[in-house]
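From a predicted model like this one, the values you see are computed outputs, not experimental measurements. Side chains included, hydrogens not; waters and symmetry mates left out as well; all remaining heavy atoms used. Per chain, numbering begins at 1; letters A, B, ... match sequence-line order.
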There are 2 protein chains.
Amino acid sequence: MGNQKLYKGSLQTIILRLLEENDKMYGYEITQKVKELTKGELEITEGALYPALHKLEADGLLDVEVAKVGNRLRKYYKLTEQGTKETVNRLEEMKEFLKTMEILVNPKFSLE
Amino acid sequence: MGNQKLYKGSLQTIILRLLEENDKMYGYEITQKVKELTKGELEITEGALYPALHKLEADGLLDVEVAKVGNRLRKYYKLTEQGTKETVNRLEEMKEFLKTMEILVNPKFSLE
DNA sequence: TTTTATACCTAAGATTATTATGCATAAGAT
DNA sequence: ATCTTATGCATAATAATCTTAGGTATAAAA
């Protein structure tokens with residue numbers, strides 16, 4: 001991912017979330033989509049992306065389908081049934097995390 | 001920290017933020033404060049906390065002051081001048097991160 | 001024709017956390 | 001009186017996740 005360590009741990013959730021919306025995507029497409037959505041704030045590096053995709057596949061959350069486009073190959077990933085369920089959980093955790101961090105970061109919590 | 005990997009990378013910022021509000025705190029106090037503020041959602045483990053405090057100190061962001069309370073010792077940490085400045089940056093980054101993650105996680109972003 | 005974009009991949013190293021210890025004092029419970 | 005829990009510090013082995021730095025190859029643009 002980019003340079004900020006804050007994103008550490010959130011890559012899998014980001015991938016799952018994108019696949020929840022987009023049905024099937026290939027690696028490079030994911031990096032571009034994230035870059036676009038975040039207006040360049042987050043640039044997923046390939047060294048982080050591909051191992052993450054392989055892990056999600058190994059864990060049974062993603063299925064792969066290889067396609068030949070011209071003379072190049074693409075590996076399309078999509079959510080498995082289990083992956084669809086797990087995505088709901090991961091997003092729940094993410095939202096809880098974001099809420100908690102807002103509390104910690106927002107000013108003037110010390111009154112209580 | 002607790003069990004969720006999402007918090008990975010945010011511990012230093014959390015510590016700096018607490019010290020921005022509380023002037024000086026000791027390790028155990030930090031764990032309890034975080035637990036209280038997050039209603040138990042986040043439990044900072046000692047194995048994460050103490051190395052993080054030592055790192056912040058080594059980086060010149062924190063100063064230490066040892067105090068004897070009864071027969072036990074406490075190590076109070078407070079922000080250095082540099083630490084105060086850096087806290088502003090870290091919080092800025094954190095807010096940017098949270099905003100970005102909201103975009104990625106929130107439903108129906110794919111319209112654009 | 002050289003650079004940039006597309007498209008996949010892995011390996012060494014760094015960072016940061018978890019888990020499991022260790023030591024020690026103080027307070028509360030049986 | 002004694003055992004457990006809370007307070008308070010710390011480190012070391014392991015795991016997970018990322019950065020950095022490579023590698024291969026096709027296609028498009030400069």
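Shortest non-hydrogen contact noted between B:Leu42 and B:Val34 is O-CG1, 3.6 Å.
Separating the OH atom of A:Tyr77 from the P atom of C:dA7 is a distance of 14 Å, rounded to the nearest angstrom. Straight-line distance from the OH atom of B:Tyr7 to the C1' atom of D:dA16: 18 Å, rounded to whole Å. For the pair B:Lys8 NZ and C:dT16 C1', the interatomic distance rounds to 5 Å; values are reported in whole Å. Rounding to whole angstrom units, CD1 of residue A:Ile44 and C1' of D:dT20 are separated by 17 Å. Atom CD1 of A:Ile30 and atom P of C:dT6 are 15 Å apart (whole Å). Whole-Å rounding puts the B:Glu36 CD to D:dA6 C1' distance at 16 Å. Between the CG atom of A:Leu56 and the P atom of D:dA16 there is a distance of 14 Å, given to the nearest Å. Following rounding to the nearest Å, A:Tyr26 (OH) and C:dC8 (P) show an atom-to-atom distance of 7 Å.
The phosphate of C:dT16 (OP1 or OP2) has a side-chain N or O of A:Lys5 nearer than 4.0 angstrom. Proximity of A:Lys75 to the phosphate of C:dC9: a side-chain N or O atom is located under 4.0 Å from OP1 or OP2. Checking the phosphate oxygens (OP1, OP2) of C:dC8, no side-chain nitrogen or oxygen of A:His54 falls inside 4.0 Å. Note on A:Tyr50: every side-chain N or O is 4.0 Å or more away from OP1 and OP2 of C:dT10.
No side-chain N or O of B:Asn89 forms a donor-acceptor pair with one of B:Glu92 less than 3.5 Å apart. Between the side chains of A:Glu41 and A:Tyr7, at least one donor N or O lies within less than 3.5 Å of an accepting N or O.
Separating the CZ atom in A:Arg90 from the CG atom in B:Leu6 is a distance of 9.0 Å, to the nearest 0.5 Å.
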Exercise. For each nucleotide in nucleotides 25-30 of chain D, reading 5' to 3', give B when a protein heavy atom comes within less than 4.0 Å of its base, S when such contact involves only the sugar-phosphate, and - otherwise.
Key: -BS---
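Candidate nucleotides C:dT16, D:dT17, C:dT10 were compared by shortest atom distance to the side chain of A:Lys55, and D:dT17 ranks first. Comparing C:dA17, C:dT6, D:dT17 by their nearest atom to the side chain of A:Gln32 picks out C:dT6.
Comparing A:Leu73 and A:Pro51 by the nucleotide of DNA chain C whose heavy atom lies nearest to each, the residue mapping closer to the 5' end is A:Leu73.
Identified under the ring-ring contact (aromatic ring centres under 6.0 Å, His included) test for residues 44-71 of chain A, with sequence neighbours left out: none.
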Close N or O pairs between protein and nucleotides 20-23 of chain C (under 3.5 Å):
none

